[in-house]
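Data block below; observations after.
Atoms considered below: every heavy atom in the structure, side chains included; atoms not considered: hydrogens, waters and symmetry mates.
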Amino acid sequence: VGDATPLNASGASTYTWSNGAGTGASVSVSPIANTTYTVTGTDGNGCENTDDVTISVNSLPTVTATGTASICEGESTTLNASGASTYTWNNGAGTGSSVSVAPTTNTTYTVTGTDGNGCENTDDVTVTVNSLPTVTATGTATICEGESTLTASGASTYMWDNGAGTGASVSVAPTSNTTYTVTGTDANGCENTDAVTVTVNPLPTVTASADETICEGESTTISASGAIAFTWDNGLGSGSTQTVSPTSNTTYIVTGTDANGCENTDQVAISTQIVPDNGVTLEADNVTITANSSGIDYTWIDCDNNFQAIP
């Protein structure tokens with residue numbers, strides 16, 4: 001259908017063709033259905049005769065091209081054609097009923113199908129190429145032992161490795177330096193990745209001085225080590241050493257900070273020994289110590305000599 005073909009006549013001087021084909025020894029016709037053309041030839045004596053030729057019109061093949069309409073950048077897809085015997089694709093896709101293509105931009109592929117009669121028809125398929133999302137992973141690059149929050153942007157959904165889970169924001173608590181890779185997927189199903197490395201600094205080993213007992217009214221010095229800066233509670237302030245005079249049993253907590261800004265704590269307990277006024281008399285000249293109240297148990301402590309009990 002749609003092709004033109006020449007018709008030729010001979011044996012006379014002039015020729016007239018039927019079906020509007022015109023006059024002349026050679027005419028071109030493009031019938032859309034099977035058609036018989038009759039030619040009338042007239043010689044020099046005015047005598048006429050006729051002949052005819054039948055043109056059979058073959059219908060064009062119905063060629064259909066199919067394939068994935070949308071792919072992500074860097075992917076390939078398979079295009080298929082049907083309805084003919086042989087197929088030729090443009091844009092360098094090759095020949096055959098099935099071809100694989102990997103366009104970098106939106107591309108229309110046209111296939112020409114030829115049937116057994118040599119008749120041709122075409123169809124086309126457009127492949128849309130979606131760009132990959134620009135996925136960005138962020139987080140605190142250096143942390144102290146403990147938790148850190150990682151975030152991702154540039155896509156619709158996110159999947160983190162190393163068991164960090166899913167979502168644009170995840171909380172992680174690595175115990176050693178760890179690289180987390182996030183895969184982001186956009187609305188077109190295209191994926192891309194980014195990574196963030198979390199460096200883990202150990203906590204300082206903060207050590208406070210040993211617990212001790214003092215007599216009421218006395219003072220003592222407490223200290224801490226293992227960091228570069230120290231802060232004490234109970235209003236003591238900062239510094240590696242502090243002088244304290246508690247009036248009751250008191251626990252002092254010290255927070256030590258190292259050069260990386262990481263913190264840890266320790267504590268020291270100071271017990272206060274209260275000296276009761278229960279008829280106890282001291283005769284310093286004779287070094288005689290007596291207690292006069294009955295019904296009371298006494299433990300003697302030498303507050304000037306490391307609180308050793310006096311038998």
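- Separation of atoms CD1 (Ile222) and OG1 (Thr241) is listed at 9.0 Å; rounding is to 0.5 Å.
- Sorted by first and then second residue, the disulfide bond (SG atoms under 2.5 Å apart) pairs involving residues 150-182 (not counting sequence neighbours) form an empty list.
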Exercise. Taking it one step at a time, do Val127 and Asn106 satisfy side chain to side chain contact (heavy atoms under 4.5 Å, CB included)?
Worked result: CA-CA 6 Å; Val127 178; Asn106 298 347; over 6 Å; no
Only distances under 3.5 Å count here; give the side-chain donor-acceptor pairs of residues 73-86 to other protein atoms, sequence neighbours excluded, each with its distance to 0.1 Å.
| from | atom 1 | to | atom 2 | distance (Å) |
| --- | --- | --- | --- | --- |
| Glu75 | OE1 | Cys72 | N | 3.0 |
| Thr77 | OG1 | Thr68 | OG1 | 3.1 |
| Asn80 | OD1 | Ser98 | OG | 3.1 |

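- The distance from the CG atom of Asp194 to the OH atom of Tyr158 is 11.0 Å, given to the nearest 0.5 Å.
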Please output the side-chain donor-acceptor pairs of residues 29-41 that fall under 3.5 Å, not counting sequence neighbours, one pair per line with the distance.
| from | atom 1 | to | atom 2 | distance (Å) |
| --- | --- | --- | --- | --- |
| Asn34 | OD1 | Val57 | N | 2.6 |
| Thr35 | OG1 | Ala33 | O | 2.8 |
| Thr36 | OG1 | Thr54 | OG1 | 2.8 |

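- In this structure, Asp43 has no side-chain hydrogen bond (donor to acceptor under 3.5 Å, both in side chains) partners at least two apart in sequence or on a different chain.
- Side chains of Pro246 and Ile214 form a contact here, defined as non-hydrogen atoms less than 4.5 Å apart.
- Residues Ile71 and Thr128 have side chains not in contact (no heavy-atom distance under 4.5 Å, counting atoms from C-beta outward).
- One distance of note links CH2 of Trp17 with OG1 of Thr50; it measures 11.0 Å at 0.5 Å rounding.
- With a 4.5 Å cut-off on side-chain heavy atoms, Leu150 and Val198 count as touching.
- Checked against side-chain contact (heavy atoms from CB on, under 4.5 Å), Thr243 has the following partners two or more places apart in sequence or in another chain: Ser219, Thr221.
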Problem set entry | side chain to side chain contact (heavy atoms under 4.5 Å, CB included) assessment of Thr134 paired with Asn192 | CA-CA 7 Å; Thr134 302; Asn192 210 348; 5.9 Å; no
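- For the pair Trp89 (side chain) and Gly96 (backbone), a donor-acceptor distance under 3.5 Å is present.
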With a cut-off of 3.5 Å and sequence neighbours excluded, list every side-chain donor-acceptor pair involving residues 263-272.
| from | atom 1 | to | atom 2 | distance (Å) |
| --- | --- | --- | --- | --- |
| Asn264 | ND2 | Pro204 | O | 3.0 |
| Asp266 | OD2 | Ala208 | N | 2.7 |
| Thr272 | OG1 | Ser248 | O | 3.4 |

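- With sequence neighbours excluded, no residue satisfies side-chain contact (heavy atoms from CB on, under 4.5 Å) with Asn49.
- Residues Ile143 and Thr199 are not in side-chain contact: their nearest non-hydrogen atoms beyond the backbone lie 4.5 Å or more apart.
- Looking at heavy atoms from C-beta onward, Ser223 lies in side-chain contact with Ser209 at the 4.5 angstrom threshold.
- Applying the side-chain contact (heavy atoms from CB on, under 4.5 Å) test to Thr247 and every residue at least two apart in sequence or in another chain returns nothing.
- Follow the hydrophobic side-chain contacts under 4.5 Å out from Val254 and you reach Leu236 in the same cluster.
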Sequence neighbours excluded and cut-off under 3.5 Å, please list the side-chain donor-acceptor pairs for residues 162-177, or say none.
| from | atom 1 | to | atom 2 | distance (Å) |
| --- | --- | --- | --- | --- |
| Asn162 | ND2 | Thr179 | O | 2.8 |
| Ser171 | OG | Glu147 | OE1 | 3.2 |
| Asn177 | OD1 | Val200 | N | 2.8 |

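- Looking at residues two or more places apart in sequence or on another chain, you find a side-chain hydrogen bond (donor to acceptor under 3.5 Å, both in side chains) between Thr138 and Thr151.
- Between Cys262 atom SG and Asn201 atom CG the span is 5.0 Å, to the nearest 0.5 Å.
- Here Leu60 contributes atom CG and Cys119 contributes atom SG; the two are 6.0 Å apart, rounded to the nearest 0.5 Å.
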Exercise. Going through the distances and angles, do Asp124 and Asn90 end up as a side chain to side chain contact (heavy atoms under 4.5 Å, CB included)?
Worked result: CA-CA 10 Å; Asp124 55 57; Asn90 71 345; over 6 Å; no
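- A distance of 3.5 Å separates CG of Asn130 from OG of Ser70, quoted to the nearest 0.5 Å.
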Give every donor-acceptor pair under 3.5 Å between a side-chain atom in residues 227-235 and any protein atom, sequence neighbours left out.
| from | atom 1 | to | atom 2 | distance (Å) |
| --- | --- | --- | --- | --- |
| Trp232 | NE1 | Gly239 | O | 2.7 |
| Asp233 | OD1 | Ile253 | N | 2.9 |
| Asn234 | ND2 | Thr251 | O | 3.1 |

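- Contact between Asp186 and Ser131 at its shortest, heavy atoms only, is OD2-O, 3.8 Å.
- Residues passing the side-chain contact (heavy atoms from CB on, under 4.5 Å) test with Thr104, sequence neighbours excluded: none.
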